Protein chains: 2
Amino acid sequence: MARKQSAKNSGSGPADVAARRVPMRDFSRSLPMSLLRAREAVMRQFRPSLRHHELTEQQWRILRALAAVETIEVTELARTAFLLGPSLSRILRDLEARQLIERRVAEADQRRAVVSISAGGLKLIAAVAPSSEAIYSAITKRFGARRLAELQEMLAALEHSLSAMEVAEEGSLEADR
Amino acid sequence: MARKQSAKNSGSGPADVAARRVPMRDFSRSLPMSLLRAREAVMRQFRPSLRHHELTEQQWRILRALAAVETIEVTELARTAFLLGPSLSRILRDLEARQLIERRVAEADQRRAVVSISAGGLKLIAAVAPSSEAIYSAITKRFGARRLAELQEMLAALEHSLSAMEVAEEGSLEADR
DNA sequence: CCTAACCATTTAACATGTTAATCATCTACC
DNA sequence: GGTAGATGATTAACATGTTAAATGGTTAGG
């Protein structure tokens, strides 16, 4: 309480608070924020089209992943569509109810479930694909195909760099296992 | 059904399904996926540390945004921390209950709420900052400072490119069918 | 002034992210 | 060949993303 109050500094320079600032990089320029904002800017373009077809971004990812294979096991699908198991489980339940996918248990291993896209799912993809591709083309044209490829390459390189990095466990006091 | 069934093609080439594939780019190489995976690779490094301090990524963003100013209104904070109003509203309720922030109504306009970080919030930031900065340094070192700056620049450029792009509303061409 | 339109924030409702726990199956080992 | 531990999938519980609606306050026109 009783912290000095200047009427309008929320958007201006942080000069007067420098004294109490913990030395940290301006978080609005942090890598996670940059990636988040960039992704949001991209997804903002696609969401209306998906929404128009009653699809969420994740449901769309799953359908596209399924369209590329005959069948796939749930675990592998999670890896491909970059979703965690619980999210995938819920979404598959929904997509199955909408008859966009089909699911059955693997014969060799009763624990595993095998998923495939249905005719209806393929039809839906065919309905969404044109506008989706058009949007992607517009983005590519606006940003530049060359530049876009470069960006993708850097992103892949970043991912690769970090994949080999140890994750500081911080709670590593609890013995291993 | 009775779709041809080959036992193990989930990871191999999609040659045998080319016939039924809708012509779309391999979605695993799409820009949204690249951005998502890159961001996840980065955040995976930070999450354990935050978790150790009972903070989520979003709560951390809010605290950092607050640490940079004396006070800020909720709407402006949402813009800065890149959160939607409803998410921010819920998180502020929680942070206030934990006494990490303080909130009061603006005198000039009773609708607006003015938020600031508390002493406890600053203390928490000071506790997390070292490991957070260490992680960021490790990432920078591993990926290369120069390259990281380049990447950030491209991300900003992408965001800027798309900000000027119209969002296809799709509902506007509902007539053609 | 009074009220209709507007504005800032919150609440509601549903989908997903995230970690932990559960359940059924499978595999290795005795 | 029976059981302990490993594994695949789901469920549980809580936090956030996302859109719509509600709430309370403000402002402009009449």
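So you know, we letter chains A, B, ... as the sequences are listed, proteins then strands, and number each from 1. Being a predicted model, the structure only gives us computed values, none of them experimental. Basis for what follows: all heavy atoms, side chains included, without hydrogens, waters or symmetry-related copies.
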task = Report the C-alpha separation of A:Asp94 and A:Arg98 in whole Å, then their side-chain angles, then the decisive distance to 0.1 Å, and conclude whether the salt bridge (charged side-chain N to carboxylate O under 4.0 Å, His left out) test is met.
result = CA-CA 6 Å; A:Asp94 177 70; A:Arg98 289 161 72 180; 3.2 Å; yes
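- In terms of position on DNA chain D, the residue among A:Leu88 and B:Asp94 whose nearest nucleotide sits closer to the 5' end is A:Leu88.
- Phosphate proximity of C:dG17 to A:Gln58: present, with a side-chain N or O under 4.0 Å from OP1 or OP2.
- One atom, CG of B:Leu83, and another, P of C:dT16, lie 20 Å apart when rounded to the nearest Å.
- For B:Arg111 against D:dT26, no side-chain N or O and base N or O form a donor-acceptor pair under 3.5 Å.
- Between B:Gln59 and B:Ala108, it is B:Gln59 whose nearest contact on DNA chain D lies nearer the 5' terminus.
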note = Taking Watson-Crick and G-U wobble contacts under 3.5 angstrom, with | marking pairs to another strand and [ ] crossing pairs, the secondary structure of DNA chain C is written ||||||||||||||||||||||||||||||
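- Across the protein-nucleic acid pair, A:Phe82 atom CZ and C:dT16 atom C1' stand 14 Å apart, rounded to whole Å.
- Distance, B:Leu50 CG to C:dG17 P: 19 Å, rounded to whole Å.
- Computed from coordinates, the A:Glu96 CD to D:dT10 C1' distance equals 13 Å when rounded to whole Å.
- The phosphate of C:dC7 has neither OP1 nor OP2 within less than 4.0 Å of any side-chain N or O from B:Gln110.
- Between B:Leu66 and B:Leu100 there is no side-chain heavy-atom pair separated by less than 4.5 Å.
- Between B:Glu54 atom CD and D:dC14 atom P the separation is 14 Å, expressed in whole Å.
- Residue A:Leu92 contributes atom CG, which lies 16 Å from atom P of D:dG8 at whole-angstrom precision.
- Taking atom CD1 on B:Ile91 and atom C1' on C:dT11, their separation rounds to 15 Å, with Å as the unit.
- Following rounding to the nearest Å, A:Arg61 (CZ) and C:dT16 (P) show an atom-to-atom distance of 10 Å.
- A donor-acceptor contact closer than 3.5 angstrom is absent between the side chains of B:Ser118 and B:Gln99.
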Under 3.5 Å, which protein N or O atoms sit close to an N or O of nucleotides 18-22 of chain C? Give each pair with its distance.
{"unit_1": "C:dT18", "atom_1": "OP1", "unit_2": "B:Arg47", "atom_2": "NH1", "d": "3.1"}
{"unit_1": "C:dT18", "atom_1": "OP1", "unit_2": "B:Arg47", "atom_2": "NH2", "d": "3.4"}
{"unit_1": "C:dT19", "atom_1": "O3'", "unit_2": "B:Arg51", "atom_2": "NH2", "d": "3.4"}

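- In this structure A:Glu153 satisfies the salt bridge (charged side-chain N to carboxylate O under 4.0 Å, His left out) test with no other residue, sequence neighbours excluded.
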